[in-house]
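What follows is a short report on a single structure.
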Amino acid sequence: MARSVFTVRIIEVIRAIPSGKVSTYGEVAELAGNPQGARQVVRVLHSCSETENLPWHRVVNRLGRIALGPFDGFDRQKELLEAESVEFDDNDQIDLNRFRWRGDLDALC
DNA sequence: GCCATGGCTAGTA
DNA sequence: GCCATGGCTAGTA
C-alpha cells in the first residue's frame, strides 16, 4: 500500500530538523498538515527511522523531554542530542525556548 | 488493535 | 490517569 501524503510529509519535516535543534511530535504533525497527528509521527519514527535515515533523536515530547523509556533508547537519544550540543537540565529536560526548531516559521519571516 | 502523544480532569501534598 | 486522535498492520472472511 502506498504511503499517505501525510506520512510522506512527516518524513520530510523530520528530515528538515537541523542538528542542534529539536522538534516535538505535535509540531511535526502540525507542520506536516495535521495538528492531531502526533501519534502518526510516533508510528513513522518507529517504522521508518532506520530505512529513511531519519534524525529520530531530534523529536521529543511537548515538554522537551525524551519519551523513550530507560531501557528503550532513552540513553541513546540523550547521547545523540548532547553530541549536537543540545543541553539537558537536572530533570533531563530540554529548554525548548533555546533548542526548539521553529520549522516553517523561518521561511515565512 | 497498536502507538516514543497531548490535553484535560481528579485527586493528592 | 483517562480518552480522543488517525494512519497503519496483522490477521481474519
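It should be emphasised that the depicted structure is a prediction, and the values quoted were computed from it without experimental measurement. By convention in this document, chain letters (A, B, ...) are assigned in the order of the sequence lines, proteins followed by strands, and residues within each chain are numbered from 1.
- At whole-Å resolution of the value, CD in A:Q36 and P in B:dC8 are 12 Å apart.
- Nearest heavy-atom pair, A:Y25 versus A:A67, reported as atom, atom and distance to 0.1 Å: OH-CB, 3.5 Å.
- At a threshold of 4.0 angstrom between heavy atoms, the contacts of A:Q40 include nucleobase atoms, whether or not backbone atoms are also involved.
- Judged by distance alone, the side chains of A:E84 and A:H57 do bring a donor and an acceptor atom under 3.5 Å apart.
- The distance between atom OH of A:Y25 and atom P of B:dT5, rounded to the nearest whole Å, is 6 Å.
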*asked:* Using the rule given for side-chain contact (heavy atoms from CB on, under 4.5 Å), can you reason through A:R102 versus A:K21, listing the C-alpha separation, both sets of side-chain angles and the distance that settles it, and then say yes or no?
replied: CA-CA 9 Å; A:R102 296 292 175 183; A:K21 292 287 179 184; over 6 Å; no
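- Residue-to-nucleotide proximity on DNA chain B shows that, of A:G69 and A:R62, the 5′-proximal contact is made by A:G69.
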Margin query: Under the criterion salt bridge (charged side-chain N to carboxylate O under 4.0 Å, His left out), I'd like the reasoning laid out for A:E27 against A:R62: C-alpha separation, chi angles, the key distance, then a yes or no.
Written below: CA-CA 8 Å; A:E27 190 168 29; A:R62 73 179 176 125; over 6 Å; no
Test side-chain contact (heavy atoms from CB on, under 4.5 Å) on A:L81 and A:F99; report intermediate values, then the result. CA-CA 11 Å; A:L81 288 172; A:F99 296 105; over 6 Å; no
Please write out each protein N/O paired with an N/O of nucleotides 2-4 of chain C under 3.5 Å, distance rounded to 0.1 Å.
residue, atom, partner, partner atom, Å
C:dA4, N6, A:R39, NH1, 3.1
C:dA4, N1, A:R39, NH1, 3.4

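- Smallest separation of non-hydrogen atoms from A:V59 and A:Q77: O-NE2, 3.1 Å.
- Between the CG atom in A:L31 and the CD1 atom in A:I14 there is a gap of 11.0 Å [rounded to 0.5 Å].
- The distance from atom CG of A:L31 to atom P of B:dT5 is 18 Å, rounded to the nearest whole Å.
- The CZ atom of A:F6 sits 9 Å away from the P atom of C:dG6 (whole-angstrom rounding).
- Counting any heavy atom pair closer than 4.0 Å across all strands shown, A:T7 reaches sugar-phosphate atoms only and no base atom.
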Given Watson-Crick and G-U pairs under 3.5 Å, DNA chain B in dot-bracket ([ ] crossing, | other strand) is |||.||||.....
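- Residue contacts shown for A:G26 are limited to sugar-phosphate atoms, with no base heavy atom under 4.0 Å away.
- Closest to the A:A38 side chain, of the nucleotides B:dG7, C:dT5, B:dT5, is B:dT5.
- Across all strands shown, A:N34 has heavy atoms under 4.0 Å from sugar-phosphate atoms exclusively, and none from any base.
- Regarding contacts with the backbone of C:dC8, every side-chain N or O of A:S47 stays at 4.0 angstrom or more from both OP1 and OP2.
- Distance, A:H46 NE2 to C:dC8 C1': 13 Å, rounded to whole Å.
- Residue contacts for A:F74: at a heavy-atom cut-off of 4.0 Å it reaches no nucleic acid atom on any strand shown.
- Straight-line distance from the CD atom of A:E30 to the P atom of B:dT5: 18 Å, rounded to whole Å.
- Between A:R15 and A:E12 there is no salt bridge, since none of the side-chain N atoms of the basic residue sits less than 4.0 Å from a carboxylate O of the acidic one.
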- Message: Applying side-chain contact (heavy atoms from CB on, under 4.5 Å) to A:R43 and A:T7, what does each step give before you reach the verdict?
- Response: CA-CA 9 Å; A:R43 179 185 48 73; A:T7 294; 3.2 Å; yes
